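Below: one structure, written as C-alpha cells.
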Protein chains: 2
Amino acid sequence: MTKPPKTTPRPGRRVRGSATGRPVMVLLDLLGRRWVLRILWELRGAPLTFRALQAACGGLSPSVLNARLAELRDSLIVEQRPDEGYTLTRQGRELLTQLAPLTAWSEKWAKSLG
Amino acid sequence: MTKPPKTTPRPGRRVRGSATGRPVMVLLDLLGRRWVLRILWELRGAPLTFRALQAACGGLSPSVLNARLAELRDSLIVEQRPDEGYTLTRQGRELLTQLAPLTAWSEKWAKSLG
DNA sequence: CGTTTTTGCTACGATTTCAGTAGCAACAAC
DNA sequence: GTTGTTGCTACTGAAATCGTAGCAAAAACG
C-alpha cells in the first residue's frame, strides 16, 4: 500500500492559507516546512544515507527527517535507491537548479547585513 | 534601542543545524520558516498593509505575521513605508527574482503528480 | 557461525512554534 | 462622538519539532 501522508501538500488540494491549491502555493507550503530547503540542499551532490543526511543537517531529529523525506518522496522530488541512499529525482534536481542562485545572493546579503 | 529579535537568523551567527553560519545556511533557515516564502510571494506586487498582507496569506495569525515581518525587516528584505505599507527592499526584490522560476517549475510538477 | 556495526527508522516526553480569537491604542472619517 | 481602519499585543489550546532511546534488519568482521 502506498501511503500518502495526509500532511503532504499536493496541487489541487487545499493547503495552508490557500483553498485553490494553485501549484505554486502548494510548492511554497511544501518548501516552507522546516528543514525541507536544507534537505534538498544537502542532497545536491551524491546520494546520502538516512544517517548521513541527518548528520549533514546538523543532527535533526530522525522523526522529522523521516517525515520530510516521506513528503518529498510522495512529491516525487526525492527518491530512495536501494544500496545508495536518498537522492533527488530528475525533477528534484531541476528544482534545486532553480534555487542555486540563492548562494550568490546570500553572499551579497551577508555583506549588506554587516 | 533597536530590537533584533533574538530569533532572527543572521550570517555568521549560529543557526539551526549549522554552527558555521554560512550565509546560504542562514538564508535557508530564514526562508524555511513557516509563511516566509508565502509572504515574500504576496509582496511581489504593490506594497500591502499589515491587514491586507494577512488576508493575502489566507488569514494567518497576526502574531506569526508580525514575527515574520520583524525577522524580514531585521534582515533588510522587507521594509515598512509610512502610509504605504510593507514592501520588499531592493535586495528583497532581487531575492524574489531568484525565486520566480518556481512558478513555472511548479506547473510542470503539478502535472507529473497527476 | 557469532559478534559487532551500521542503517533506517519508530516511540515518547519535553519544548517550541503556530493557530485562532479577542481586544486595544492611534488615527481618520463621518 | 461614534464608527471604521490599522497595526499590532495577549492569551489559550493545538500542532510541529526536539532530543533521546531503542529496535529490527542488513552488512561487516572474525
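Because the structure is a prediction, the values reported are computed rather than measured. Proteins get letters first, then strands, A, B, ... in listed order; numbering begins at 1 in each.
Dashed line: the shortest gap from a side-chain N or O of A:R68 to OP1 or OP2 of D:dT17 is under 4.0 Å. Contact between the side-chain N/O atoms of B:T49 and the OP1/OP2 oxygens of D:dG7 is found at a separation under 4.0 Å. Look at B:R51 and you won't find any side-chain N or O under 4.0 angstrom from OP1 or OP2 of D:dC8. Look at A:N66 and you'll find a side-chain N or O under 4.0 angstrom from OP1 or OP2 of C:dT10. Using a 4.0 Å cut-off, no side-chain N or O of A:Q54 falls inside it from OP1 or OP2 of D:dG19. At D:dA16, none of the side-chain N or O atoms of A:W35 fall inside 4.0 Å of OP1 or OP2 (strictly under the cut-off).
Under 3.5 Å, the side chains of B:R93 and B:T87 contain a donor-acceptor pair of N or O atoms.
A salt bridge links B:E42 with B:R38; the closest basic N to acidic carboxylate O contact falls under 4.0 Å.
Atom CZ of A:R68 is separated from atom OG of A:S75 by 11.0 Å, given to the nearest 0.5 angstrom.
B:S61 comes within 4.0 angstrom of a base, heavy atoms only.
Across D:dA10, D:dT20, C:dA19, the shortest atom-to-atom separation from the side chain of B:P62 is found for D:dA10. Looking at the side chain of A:D83, the nearest of the listed nucleotides D:dA27, D:dG7, D:dG19 is D:dA27. Comparing atom distances between the A:R73 side chain and each of D:dA10, D:dC18, C:dC9 picks out C:dC9 as nearest.
Under a 3.5 Å cut-off, the side chain of B:Q91 and the backbone N or O of B:L76 do form a donor-acceptor pair.
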